[in-house]
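Report on one structure; see the data block that follows.
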Amino acid sequence: MSQQSLPSDTGPAHAGTLPEYAERVLDAAERIPPGRVLTYGDVAEWLEEGGPRQVGRVMALYGGAVPWWRVVRADGTLLPGHELRALDHYRAEGTPLREAGRAAERHLPRLDMKRARWDGGGSAEDGGRFPPSDVPPGDL
C-alpha cells in the first residue's frame with residue numbers, strides 16, 4: 001500500500017458515507033484506554049493498512065467524535081492548534097507527561113511516550129488490543 005494515499009474506499013463514490021478505513025481508524029482510537037496513547041503509525045500497524053499520514057488524515061477529518069487526543073505524534077509533542085485542549089484531557093486521564101524545559105516553545109509538556117504508550121495484546125480483527133500478536137513489542 002502506498003504511504004501517499006488513503007485506501008481506495010475513500011473516493012467520490014463514498015462521499016456520503018464514512019469510509020470503511022476511517023471507521024476502522026476511529027474504532028482503534030476508541031479502544032485506547034484513558035491515560036494511554038498510540039501513535040499514528042501504531043494505529044496503521046494495528047490495522048495492517050495505510051500509514052501514519054493516512055491515520056492522521058482520518059483523525060483530522062473525522063476524529064472529533066472519538067478520543068482524538070489518544071492518537072499522537074511519535075515524538076510526544078502535542079497536536080499543534082489543540083495543545084491546551086489535549087493537555088486538559090491528558091491531565092484529567094492521568095496520562096504520563098514530561099514537563100517542558102525553559103527553552104521549550106510555550107513551555108508545554110510532551111507526552112512521556114515510554115510510559116504513556118499502550119502495549120496491550122491481540123489484533124483489531126479479533127477485537128483484541130494493540131499491537132498485533134505477530135509484531136514483536138520492540139519492532140513498533
Side-chain angles (χ1 to χ4, degrees):
M1 160 114 215
S2 168
Q3 295 293 315
Q4 300 302 317
S5 62
L6 284 172
S8 60
D9 68 347
T10 60
H14 299 278
T17 63
L18 189 62
E20 187 269 337
Y21 182 74
E23 287 180 15
R24 293 177 62 215
V25 169
L26 299 178
D27 180 58
E30 288 179 327
R31 291 174 187 259
I32 303 167
R36 304 308 296 264
V37 298
L38 288 179
T39 68
Y40 297 110
D42 290 340
V43 172
E45 188 76 28
W46 183 24
L47 298 176
E48 298 178 346
E49 184 177 5
R53 290 181 184 211
Q54 289 76 31
V55 171
R57 180 77 174 148
V58 168
M59 293 303 294
L61 292 174
Y62 309 110
V66 300
W68 53 267
W69 58 92
R70 297 182 193 153
V71 182
V72 301
R73 295 172 144 187
D75 67 0
T77 57
L78 306 185
L79 183 64
H82 302 280
E83 299 95 340
L84 298 179
R85 285 180 52 214
L87 192 55
D88 286 343
H89 288 292
Y90 298 138
R91 288 185 172 146
E93 293 182 354
T95 307
L97 299 169
R98 291 185 353 195
E99 290 305 318
R102 286 187 190 167
E105 185 179 334
R106 296 176 49 191
H107 303 287
L108 290 172
R110 285 184 179 214
L111 291 160
D112 183 338
M113 293 302 291
K114 287 184 181 182
R115 294 177 32 227
R117 199 173 197 174
W118 188 34
D119 65 354
S123 69
E125 278 66 36
D126 65 14
R129 293 183 277 178
F130 177 84
S133 56
D134 61 339
V135 179
D139 288 352
L140 294 176

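For reference, positions follow the sequence shown, starting with 1. Just so you know, these numbers come straight off a predicted model, no measurement behind them.
Distance check: Arg36 CZ to Arg115 CZ gives 10.0 Å after rounding to the nearest 0.5 Å. Atom NZ in Lys114 sits 8.5 Å away from atom CG in Asp112 (nearest 0.5 Å). Atom CH2 of Trp46 is separated from atom CG of Leu38 by 7.0 Å, given to the nearest 0.5 angstrom. The distance from the CD atom of Glu23 to the OG1 atom of Thr17 is 7.5 Å, given to the nearest 0.5 Å.
Remark: Arg98 engages no residue in a side chain to side chain donor-acceptor pair (under 3.5 Å) (not counting sequence neighbours). Residues passing the salt bridge (Lys or Arg N to Asp or Glu O under 4.0 Å) test with Asp88, sequence neighbours excluded: none. Checked against side chain to side chain contact (heavy atoms under 4.5 Å, CB included), Glu93 has the following partners two or more places apart in sequence or in another chain: Pro34, Trp69, Arg70, Thr95. Leu79 is linked by a side chain to side chain contact (heavy atoms under 4.5 Å, CB included) to Tyr40, Trp68, His82, counting only residues two or more places apart in sequence or in another chain. Partners of Arg91 by salt bridge (Lys or Arg N to Asp or Glu O under 4.0 Å), not counting sequence neighbours: none found.
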*Tell me, with the steps shown, if Arg117 and Leu111 meet side-chain contact (heavy atoms from CB on, under 4.5 Å).*
CA-CA 9 Å; Arg117 199 173 197 174; Leu111 291 160; over 6 Å; no
*asked:* Determine whether Leu84 and Leu108 satisfy the following criterion, side-chain contact (heavy atoms from CB on, under 4.5 Å), listing intermediate values before the conclusion.
replied: CA-CA 9 Å; Leu84 298 179; Leu108 290 172; 4.0 Å; yes
*Please step through side-chain contact (heavy atoms from CB on, under 4.5 Å) for the pair Asp42 and Val55, ending with a clear verdict.*
CA-CA 9 Å; Asp42 290 340; Val55 171; over 6 Å; no
*Derivation and outcome, side-chain contact (heavy atoms from CB on, under 4.5 Å), residues Val25 and Val71*: CA-CA 10 Å; Val25 169; Val71 182; over 6 Å; no
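Summarising the geometry of Met113 relative to Ala74, their closest heavy-atom pair is CG-O, 3.7 Å, with the distance given to 0.1 Å. When all heavy atoms are compared, the tightest approach of Ala44 to Pro52 is CB-N, 4.2 Å.
The backbone N or O of Ala28 sits nowhere less than 3.5 Å from a side-chain atom of Glu30 that would complete a donor-acceptor pair. Between the side chain of Tyr21 and the backbone N or O of Gln54 there is no donor-acceptor pair closer than 3.5 Å.
Residues Arg24 and Val43 have side chains not in contact (no heavy-atom distance under 4.5 Å, counting atoms from C-beta outward). Within the 4.5 Å cutoff, side-chain heavy atoms of Pro109 are placed close to those of Leu87.
Residue pairs meeting the side chain to side chain donor-acceptor pair (under 3.5 Å) criterion with at least one member in residues 72-81, sequence neighbours excluded: Arg73-Thr77, Asp75-Thr77.
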